[in-house]
S.K.: 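What follows is a structure written as structure tokens; I'll ask about it next.
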Amino acid sequence: MPLFQSAIFFFFFIFSICNFNIVDSSTAFVAPITRDQSTELYTISIYFKSPLESTDLLLDLGGKFSWIDCNPDLYTSTSHHYIPCHTNLCISLGSIACSNCFRPSGPGCHNNSCDLFPENPVIRNAILAQALVDSLALTTTDGRNPGQVGIVPNFVLSCSDDSLLLGLPEGVSGLAGLGRSNYSLPAQVSNVYASPNLFALCLPGPASTSPGAAFFNTGGPYYFLPGVDLSAHLTYAPLIQNPIGFTVITYSGHPSDEYFIGVTSININGNPVKFNHSLLKIDDNGFGGTRLSTVTPYTVLETSIYTAFIEAFANESMALNLTVTDPVSPFEVCYVASDVYDTALGPAVPTIDLVMHSEDVVWRIFGGNSMVRIAWEDEDGDRDVWCLGFVDGGDKPRTSVVIGGRQMEDNLLQFDLVSMRFGFSSSVLVHDTNCGSFNFTEDPGL
Ligand SMILES: *[C@@H]1O[C@H](CO)[C@@H](O)[C@H](O)[C@H]1NC(C)=O
Ligand SMILES: *[C@@H]1O[C@H](CO)[C@@H](O)[C@H](O)[C@H]1NC(C)=O
Ligand SMILES: *[C@@H]1O[C@H](CO)[C@@H](O)[C@H](O)[C@H]1NC(C)=O
Ligand SMILES: *[C@@H]1O[C@H](CO)[C@@H](O)[C@H](O)[C@H]1NC(C)=O
Ligand SMILES: *[C@@H]1O[C@H](CO)[C@@H](O)[C@H](O)[C@H]1NC(C)=O
Ligand SMILES: *[C@@H]1O[C@H](CO)[C@@H](O)[C@H](O)[C@H]1NC(C)=O
């Protein structure tokens with residue numbers, strides 16, 4: 001029986017290989033990223049199934065693998081197939097379960113199927129569901145425009161049902177996992193095209209009317225209108241691996257699939273914030289350190305860091321004649337908007353520096369990324385404030401600093417899994433562009 005199923009699997013594999021319109025190993029891809037205003041989460045648009053269907057997925061930077069709602073009423077594709085239990089593929093996926101299905105057959109319903117635990121990182125839920133293989137496609141790019149579509153046949157992911165879509169942006173049908181695992185979206189895309197596993201994100205800000213961009217298989221160029229190559233403005237720091245993985249499901253013995261960086265201190269207007277710096281190191285149990293998360297809207301700081309940080313920020317802002325007004329939950333440091341000067345880099349507030357392994361390797365955060373504009377009406381009339389967009393993560397969280405989406409928007413962030421380094425631009429507004437300025441008009445010559 002297993003031999004027969006391997007033969008079927010092999011047949012599908014050969015069949016798909018013969019079908020794809022491969023470009024070549026230097027092929028780079030681009031996909032649009034949109035920001036959902038109500039959840040403050042990000043969606044990436046890819047193509048999926050046969051015939052290809054445009055599909056929106058939640059962007060999860062730390063996700064181990066991708067998943068999609070396999071509701072048989074919605075899922076029709078001529079290229080999907082399942083992964084039988086006990087195959088090498090199933091074992092390398094780290095599957096720990098195998099299931100039969102007694103519903104009418106469909107995607108996600110087979111006998112003797114390899115099972116996975118797809119996770120929703122927002123409501124922190126996971127379900128047991130069948131693994132699935134289908135065709136994924138992305139548009140190629142020369143770094144300036146999108147071109148023709150390139151197919152990633154036999155893309156491995158998990159099924160889910162609609163219960164796992166709770167809390168995600170409307171219109172998404174699953175999740176795109178961009179983590180360090182061999183089955184993340186960038187890892188599989190680079191495998192098929194034998195290109196380096198290197199990708200970059202430029203998340204759009206709240207005011208952006210056009211999408212940001214994700215680039216796969218390329219270290220650049222990344223051109224944004226009016227013709228700025230952001231790959232020329234990167235600073236690098238090592239990507240750090242947390243030896244202990246913990247998301248919703250803990251895979252014992254497996255390192256984390258999430259991206260950690262080595263922040264060594266935090267400065268406000270150049271002055272170091274005083275706190276216990278050993279919180280910035282990852283200990284043997286995987287606690288501490290600094291992680292990047294696209295499913296966390298605002299940076300979360302461990303309580304003692306948070307307290308010192310907001311005090312130092314409020315203190316430094318006094319030098320700018322800014323007086324703290326009433327807090328707006330979940331934020332504590334807010335200013336009346338009309339008291340704050342506007343600049344090209346956002347509201348004029350103290351700058352925040354995340355200092356990496358060396359004093360001159362600094363991720364600088366200006367007002368455009370540190371502050372959140374909140375306007376509403378109450379009994380006192382119209383209210384309009386800027387609040388410091390960082391939140392209290394409580395005592396003893398797993399990770400001391402979780403850098404959230406707001407602080408990563410309008411920054412070009414590159415994840416190089418070959419050299420294990422993290423490239424960052426700081427605010428691209430400095431270069432007179434923004435993440436919504438990639439030219440998504442197709443170039444028919446590409
Ligand atoms: C799974 O096997 C059972 C018998 O063991 C059968 O009744 C059922 O229809 C099969 N389901 C699928 C999806 O093949
Ligand atoms: C991931 O792939 C690399 C290269 O193919 C391999 O060396 C490594 O063992 C794989 N990791 C896992 C966890 O399977
Ligand atoms: C700093 O934090 C570490 C880890 O939480 C702890 O072991 C150490 O005692 C702390 N040091 C001080 C001076 O509080
Ligand atoms: C407050 O700001 C002043 C002047 O910038 C600085 O000298 C002082 O150390 C700051 N205090 C704290 C607690 O950050
Ligand atoms: C702050 O206010 C004082 C007194 O009104 C003024 O002299 C000073 O220039 C102001 N500083 C800034 C940075 O606006
Ligand atoms: C965007 O790209 C298209 C196709 O290459 C080109 O015709 C158009 O001029 C570009 N738009 C801008 C604003 O440069």
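Remember, it's 1-based here, ligands and their atoms both numbered in the order they're listed.
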S.K.: Can Lys64 be said to sit on top of Tyr183's aromatic six-ring, NZ or CZ under 6.0 Å from centre and within 45° of the ring axis?
M.R.: no
S.K.: Among all protein heavy atoms, pick the one closest to atom 11 (N) of ligand 3 and tell me residue, atom and distance.
M.R.: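 The answer is Asn276 ND2, 2.8 Å.
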S.K.: Can you list the ligand 1 atoms lying under 4.0 Å from a non-hydrogen atom of Asn111?
M.R.: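 Every atom of ligand 1 under 4.0 Å from some heavy atom of Asn111: 1 (C), 2 (O), 3 (C), 8 (C), 10 (C), 11 (N), 12 (C), 14 (O).
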S.K.: Short check: is a protein heavy atom less than 4.0 Å from atom 2 (O) of ligand 3?
M.R.: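 True for atom 2 (O) of ligand 3.
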S.K.: Of all the atoms in ligand 1, which lie at a distance below 4.0 Å from a heavy atom belonging to Cys101?
M.R.: 1 (C), 10 (C), 11 (N), 12 (C), 13 (C)
S.K.: Do Phe424 and Phe415 have ring centres separated by under 6.0 Å?
M.R.: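 No, ring centres 6.0 Å or more apart.
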S.K.: I need the atoms of ligand 3 closer than 4.0 Å to a non-hydrogen atom of Ser278, numbered in the order shown.
M.R.: 1 (C), 2 (O), 3 (C), 4 (C)
S.K.: Under 4.0 Å between a Lys/Arg side-chain N and an Asp/Glu carboxylate O for Asp257 and Arg180?
M.R.: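 Here Asp257 does not pair with Arg180 in a salt bridge, since their nearest N and O are not under 4.0 Å apart.
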S.K.: Could you identify the single nearest non-hydrogen protein atom to atom 14 (O) of ligand 6 and state the distance to 0.1 Å?
M.R.: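 Its nearest protein heavy-atom neighbour is Leu225 CD2, 3.6 Å.
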S.K.: Could you identify the single nearest non-hydrogen protein atom to atom 4 (C) of ligand 6 and state the distance to 0.1 Å?
M.R.: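 Checking every protein heavy atom, the shortest distance to atom 4 (C) of ligand 6 gives Asn145 ND2, 3.6 Å.
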S.K.: I'd like to know if the two cysteines, Cys85 and Cys98, have SG atoms within less than 2.5 Å.
M.R.: yes
S.K.: Are Phe440 and Phe438 an aromatic pair by the rule of ring centers under 6.0 Å?
M.R.: yes
S.K.: May I ask you to check whether the SG atoms of Cys109 and Cys70 are separated by less than 2.5 Å?
M.R.: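 No, the SG atoms are not under 2.5 Å apart.
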S.K.: Could you label the plane-to-plane angle of the Phe309 and Phe390 rings as parallel, tilted or perpendicular, counting under 30° as parallel and over 60° as perpendicular?
M.R.: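 Phe309 vs Phe390 ring planes: tilted.
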S.K.: Strictly inside 4.0 angstrom of atom 9 (O) of ligand 1, do you find any protein heavy atom?
M.R.: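 No, there is no protein heavy atom closer to it than 4.0 Å.
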S.K.: Of all the atoms in ligand 1, which lie at a distance below 4.0 Å from a heavy atom belonging to Phe102?
M.R.: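 With Phe102 as reference, the close atoms of ligand 1 come out as 3 (C).
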S.K.: Below 3.5 angstrom, do we get any N/O pair linking Cys109 and ligand 1?
M.R.: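 For ligand 1, there is no N or O atom that lies under 3.5 Å from one belonging to Cys109.
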S.K.: Atoms of ligand 6 less than 4.0 Å from Asn439 heavy atoms?
M.R.: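 Taking each heavy atom of Asn439 in turn, ligand 6 has 1 (C), 2 (O), 3 (C), 8 (C), 10 (C), 11 (N), 12 (C), 14 (O) under 4.0 Å.
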S.K.: Identify the residue among Tyr193, Phe216, Phe199 that makes a ring-ring contact (aromatic ring centres under 6.0 Å, His included) with Phe29.
M.R.: Tyr193
S.K.: When you measure from atom 5 (O) of ligand 3 to every protein heavy atom, which one gives the shortest distance, and what is it?
M.R.: Leu279 CD2, 4.2 Å
